[in-house]
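We count residues from 1, following the sequence as given.
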Amino acid sequence: MLAYDAGVNEFVIDPRETGFVRLDVAALFGNGHLVVLEIGSGKGRFLISGATEQPDVNFIGIEKSLHYHRVIRDRVVKRGLTNIRLINHDAFLVLRDMLPDASIDEIHIYFPDPWPRKREQKRRIIRAEALGEMRRVLVAGGSGIYVTDHRDYFEAAAPVIEQFFRCERRIPNADDPPRTNYEAKYREEGREIFEVRFFNG
């Protein structure tokens with residue numbers, strides 16, 4: 001397993017350098033606190049606010065876009081947050097090859113690319129092979145959340161999630177604070193938001 005070396009990697013894990021080896025999550029953070037995984041962290045609104053408000057919770061953010069990865073990295077540095085680790089790579093490969101069994105307490109997936117074209121839909125993160133990996137890495141009793149503004153993606157994704165987890169479909173209301181920049185923007189535009197909360201066991 002790959003442990004964390006602050007002197008070498010700071011808080012960024014780069015599988016292009018280390019290879020796809022299993023992470024030792026407790027060693028990665030130097031503690032045994034709860035671990036929250038965000039798939040597709042965008043500009044880092046959820047990660048930054050979560051890590052700031054919950055200093056005793058560990059956060060892992062996977063973001064494929066190098067540009068957004070750098071935006072988050074700079075924000076983490078500016079705020080001196082020590083409970084975030086970042087990975088700039090394809091989320092499915094990180095799930096499958098880097099995260100150990102029962103190592104994650106929560107999974108958050110906000111506004112993933114819907115890949116609307118038929119031939120591209122196999123790239124969606126909400127698909128059977130990815131959900132199988134999510135179930136593997138979640139602890140017993142762990143939970144997750146998937147949020148989208150894309151009705152077709154929601155209607156296709158929700159039944160697949162329900163094959164793997166106990167689920168609750170819901171529509172966020174005005175009392176739910178926006179969790180990402182996209183959500184804040186879409187709510188202002190009056191777009192519908194769809195949500196599935198899922199539970200492992």
[X] side chain near [Y] side chain, heavy-atom distance below 4.5 Å:
| X | Y | answer |
| --- | --- | --- |
| Val147 | Phe194 | no |
| Leu99 | Leu37 | yes |
| Leu86 | His69 | yes |
| Phe92 | Ile39 | no |
| Met134 | Ile125 | yes |

Kindly say whether [Y] contributes a backbone atom to a donor-acceptor pair with the side chain of [X] at under 3.5 angstrom?
| X | Y | result |
| --- | --- | --- |
| Arg124 | Pro114 | yes |
| Asp105 | Leu34 | no |
| Gln54 | Asp56 | no |
| Arg16 | Asn88 | yes |
| Glu63 | Gly42 | yes |
| Tyr153 | Ile126 | yes |
| Ser49 | Arg45 | yes |
| Asn200 | Leu138 | yes |
| Asp97 | Phe20 | no |

Look at the side-chain heavy atoms of Ile, Leu, Val, Met, Phe, Trp and Tyr, link any pair under 4.5 Å apart, and say whether [X] and [Y] land in one connected group.
| X | Y | answer |
| --- | --- | --- |
| Phe46 | Val12 | yes |
| Val36 | Val139 | no |
| Leu93 | Ile107 | yes |
| Val71 | Leu81 | no |
| Val77 | Phe59 | yes |

- Message: Could you check, using the six-membered ring where one of them is a Trp, whether Phe164 and Phe198 have ring centers closer than 6.0 angstrom?
- Response: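 That pair fails the under 6.0 Å test.
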- Message: Can you confirm whether Phe154 is buried at CZ, in the sense that more than 12 heavy atoms of other residues, nucleotides or ligands lie under 6.0 Å from that atom?
- Response: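 It does: Phe154 CZ has more than 12 such atoms within range.
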- May I ask you to check whether over 12 heavy atoms, not counting those of Arg169, lie within 6.0 Å of atom CZ?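 Enclosed.
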To check you understand the geometry: which heavy-atom pair defines the closest contact between [X] and [Y], and what is its length?
| X | Y | value |
| --- | --- | --- |
| Gly19 | Met98 | O-CE, 4.4 Å |
| Gly61 | Ser41 | CA-OG, 3.4 Å |
| Leu23 | Pro100 | O-CG, 2.9 Å |
| Ser103 | Val25 | CB-CG2, 4.0 Å |
| Ile193 | Pro172 | O-CD, 3.3 Å |

- Query: Below 4.0 angstrom, N of the basic side chain to O of the carboxylate: do Asp176 and Arg170 qualify?
  - Reply: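 So Asp176 pairs with Arg170 through a salt bridge.
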- Thinking salt bridges, do Arg179 and Glu38 make one under a 4.0 Å N-O criterion?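 Salt bridge between Arg179 and Glu38, a charged N being under 4.0 Å from a carboxylate O: no.
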Atom [atom1] of [X] and atom [atom2] of [Y]: how far apart are they, to the nearest 0.5 Å?
| X | Y | atom1 | atom2 | value |
| --- | --- | --- | --- | --- |
| Lys43 | Ile48 | NZ | CD1 | 13.5 Å |
| Ile13 | Ile60 | CD1 | CD1 | 6.0 Å |
| Leu95 | Glu129 | CG | CD | 10.5 Å |
| Leu47 | Arg75 | CG | CZ | 9.5 Å |
| Tyr186 | Arg191 | OH | CZ | 4.5 Å |
| Asp74 | Arg79 | CG | CZ | 10.5 Å |

- Item | Short side-chain donor-acceptor distance under 3.5 Å, Glu183 and Thr180 |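 Distance-only check fails for Thr180 and Glu183.
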- Message: Below 30° counts as parallel, above 60° as perpendicular, anything between as tilted: where do the rings of His108 and Tyr110 land?
- Response: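 Ring orientation, 0 to 90° scale: tilted.
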- Going by the side-chain hydrogen bond (donor to acceptor under 3.5 Å, both in side chains) test, which pairs reach into residues 135-148, not counting sequence neighbours?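 Checked against side-chain hydrogen bond (donor to acceptor under 3.5 Å, both in side chains) - neighbours excluded - the pairs reaching residues 135-148 are Asp101-Arg136, Glu133-Arg136.
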- Could you go through the salt bridge (Lys or Arg N to Asp or Glu O under 4.0 Å) check for Arg151 and Glu192 one step at a time? CA-CA 8 Å; Arg151 180 184 287 273; Glu192 283 186 296; 2.7 Å; yes
- Task: May I ask you to establish whether Arg73 and Tyr68 are in a cation-pi arrangement, using a distance under 6.0 Å from NZ or CZ to the six-membered ring centre and at most 45° from the ring axis?
- Result: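 Judged by the rule (NZ or CZ under 6.0 Å from the ring centre, within 45° of its axis), Arg73 is not positioned above Tyr68.
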- Query: Is the cationic atom of Arg85 (NZ for Lys, CZ for Arg) positioned less than 6.0 Å from the six-membered ring centroid of Phe11 and within 45 degrees of its normal?
  - Reply: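 No; the conditions do not both hold, so Arg85 does not lie above the ring face of Phe11.
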- Candidate pair Val196 and Phe165, rule side chain to side chain contact (heavy atoms under 4.5 Å, CB included), full reasoning: CA-CA 11 Å; Val196 179; Phe165 299 101; over 6 Å; no
- Task: Take Arg197 and Glu168 through the salt bridge (Lys or Arg N to Asp or Glu O under 4.0 Å) test and state the conclusion after the steps.
- Result: CA-CA 5 Å; Arg197 295 188 178 183; Glu168 172 193 343; 5.6 Å; no
